[in-house]
Amino acid sequence: MEQLIQQIAAGLANGAIYACLALALVMIFVSTDHINFAQGELAMFSAFLCWQLLELNVPFLLALPAVVLFSFMLGVGIERVVLRPLHNAPVLSIVVVFIGLLTIFNSLAGSFWGHTIKAFPSPFPRIAFPGSGYFGPHQVGMILVTVAMLLALFAFFRFTPLGLAMRAAAQNPASARLAGVRVDWMLALGWGLAAAVGAVAGTLVAPMVYLEPNMMAGILLYGFAGALVGGITSPGGAVVGGFLVGVLENLVAYFGNVLERSTGLYIVGNGEKLTVALVIVIVVLTLKPSGLFGSVIVKRV
Amino acid sequence: MPLLEVEGLKAYYGQTQALHGVSFALEPGGITTLLGANGAGKTTTLRSICGMVATDGAIRFDGKPIAGRATEEIVRLGVGHVPEGRGTFTNLTVDENLRVAAYTRRNKTAVQRDLDMVFEYFPILKARVGQQAGTLSGGEQQMLAISRALMLGPRLMLLDEPSFGLAPLIVQEIFRIMRRINAEAKVSMLLVEQNAALALELADYAYVLETGRVVMSGKSSVVKSDEAIRKSYLGY
């Protein structure tokens, strides 16, 4: 029983990371209708930048905002410079550009900082608190940061005029222009927000998996699964989906282990965690393509 | 000074030239209509004014040249465009549809006043305020489109076939309210219609387009009563 609770706790903590990444994916999807495959590598790059600042003895509370701000501008810059000329390009061209960005940032990080793994210090204080047997301080911190970020983004999109303008621009660019919305900037802003959320995800995950250029490869898949489970159009759904995927992968592995111990029959275990994520993606896409919370577009004809 | 002046306007869709030097002017306060058959260039003229197609020639709004400027900048000067197909934000609520259009305005009391005005003109929108706009009927979406343009606080409204695909009774109601908007909110209008009889009823001045050129113009009352014009250009 103790072990089960521990597994769920660890799942929630991992889920926080998947949730962050899912949130970043949703951010770009709702404003541009594209899945940014380079999202993970951008987050990894941001994490490296943060690590570099920490190495230069910049305090974490200064380094993180600086990196988030820089990532925001990097995201805006990528949209304006790389994707702007492709606004009317077919989806496949854009997918190729995303994959190109993925390799570029992966190689850049490799050539700047090398491929050896680096320890990344947890920003959260090592203190004991009720329940710290199940959750480490870093895990609790991750979950809190993720939830706070979601609430902030939700409030931004739901209650501010700029958030509304971004949603309008995402949905009907021609009409948004006629409402005086600078659509091109809204897309860039969406990219910036996604990169900023990704930067937080990257710096949070780095202390758990060690820092290296390929650290986000698997995590992006989990984030993708989370976004799909929650519904790729719903930021709140993405976060719930992220947590769900995190807990599910641990539970599947846990029950697989239990089964093996009691019967000697090995079906799933820790090695199949990534497979679980992929199975989730396939099942969701087949049975409920709009996800748990995604909006089904109602159209009257 | 005319509110809108168009001089020698040419418009292109890729290699195809759709307008061949259209010129007209619109005095403030009135309703002007552009008439003509399918493909005469009515919609293109409206889209050119809002910077939605590549153009040559001069367009002046309130004396300021606006040709070649971005759509959103032209709109911000006070040009409300009710587009062909209504341009509804189907996933946003009715309320959000209206608020997007007021997004650039800083004077919140004026925005609230305009929102009240819109609901007074179209009470049905008030009843549907929290509803997803995609679930509205065609007529309601047309009302929403006109309301969105009004929420910009425009001085000029460009209306692209507001009667399209709607039942005659609904069309009558919408046209009646357009007349009120023109008179009460002091919004000048440039109306594009295939239904010439309907448009001449509402407008006080008319231009007739044929294959991208203005072929004649005059007061609505004159155009309406000239049988030769009616038969050769307006088809009724």
Side-chain angles (χ1 to χ4, degrees), chain A residues 26-27 29-33 80 84-85 87-89 154-190 231-238 289-291 293-301, chain B residues 46-47 49-52 69-93 95-106 108 111 131-141 144-145 147-154 157-158 160 165:
Chain A
V26 167
M27 205 66 54
F29 186 83
V30 294
S31 53
T32 65
D33 267 344
R80 297 299 286 181
R84 182 83 197 273
H87 272 186
N88 297 317
F154 174 78
F156 171 72
F157 279 109
R158 187 73 187 71
F159 298 117
T160 70
L162 185 59
L164 175 60
M166 283 182 71
R167 283 190 289 150
Q171 204 193 101
N172 192 336
S175 260
R177 285 202 174 87
L178 290 179
V181 176
R182 293 192 171 108
V183 171
D184 295 341
W185 277 107
M186 296 301 128
L187 302 187
L189 213 55
I232 191 80
T233 52
S234 154
S290 56
F293 305 95
S295 52
V296 180
I297 295 160
V298 185
K299 199 174 250 171
R300 193 158 169 155
V301 279
Chain B
L46 290 198
R47 292 171 61 87
I49 294 167
C50 271
M52 296 162 85
R69 297 180 67 169
T71 303
E72 48 267 44
E73 310 305 329
I74 295 169
V75 166
R76 284 167 185 227
L77 293 174
V79 181
H81 189 145
V82 181
E84 194 179 28
R86 300 163 197 147
T88 310
F89 297 103
T90 50
N91 282 359
L92 303 186
T93 64
D95 181 57
E96 286 173 333
N97 264 272
L98 296 172
R99 287 188 190 281
V100 170
Y103 151 75
T104 57
R105 296 171 69 187
R106 293 287 159 258
K108 293 304 161 204
V111 169
Q131 205 169 314
Q132 215 181 31
T135 63
L136 298 184
S137 73
E140 288 161 357
Q141 288 195 33
L144 182 59
S147 302
R148 267 206 320 275
L150 270 180
M151 288 306 290
L152 291 159
M157 239 164 126
L158 311 176
D160 200 341

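Atoms CG and NE2, on B:Asp160 and B:His81 in that order, are 5.5 Å from each other to the nearest 0.5 Å. Taking CZ of A:Phe29 as the start and OG of A:Ser234 as the end, the distance is 12.0 Å to the nearest 0.5 Å.
With contacts defined as side-chain heavy-atom distances shorter than 4.5 Å, the pair B:Tyr103/A:Val181 qualifies.
Interface residue B:Met52: only side-chain heavy atoms are found under 4.5 Å from chain A.
The most heavy-atom pairs under 4.5 Å with chain B, out of A:Val183, A:Leu178, A:Asn172, come from A:Leu178. Per-residue counts of heavy-atom pairs under 4.5 Å with chain A were compared for B:Asn97, B:Leu92, B:Leu152; the largest is that of B:Leu92. Of the listed residues (A:Ala176, A:Pro161, A:Ala168), the one with the most heavy-atom contacts under 4.5 Å to chain B is A:Ala168. Of the listed residues B:Thr71, B:Val82, B:Thr104, B:Ile74, the one with more heavy-atom pairs under 4.5 angstrom with chain A than any other is B:Thr71. Note: B:Glu73 leads B:Glu73, B:Arg105, B:Arg148, B:Arg86 in heavy-atom pairs under 4.5 Å with chain A. For the set A:Arg182, A:Arg177, A:Arg167, the entry with the most heavy-atom pairs within less than 4.5 Å of chain B is A:Arg182.
Looking only at distances, a side-chain donor or acceptor of A:Gln171 sits under 3.5 Å from a matching main-chain atom of B:Asn91.
Within 6.0 Å of the CD atom in B:Glu84, the count of heavy atoms belonging to other residues, nucleotides or ligands does not exceed 12.
The two residues A:Gly231 and A:Val26 have their closest heavy-atom pair at O-CG2, 4.4 Å.
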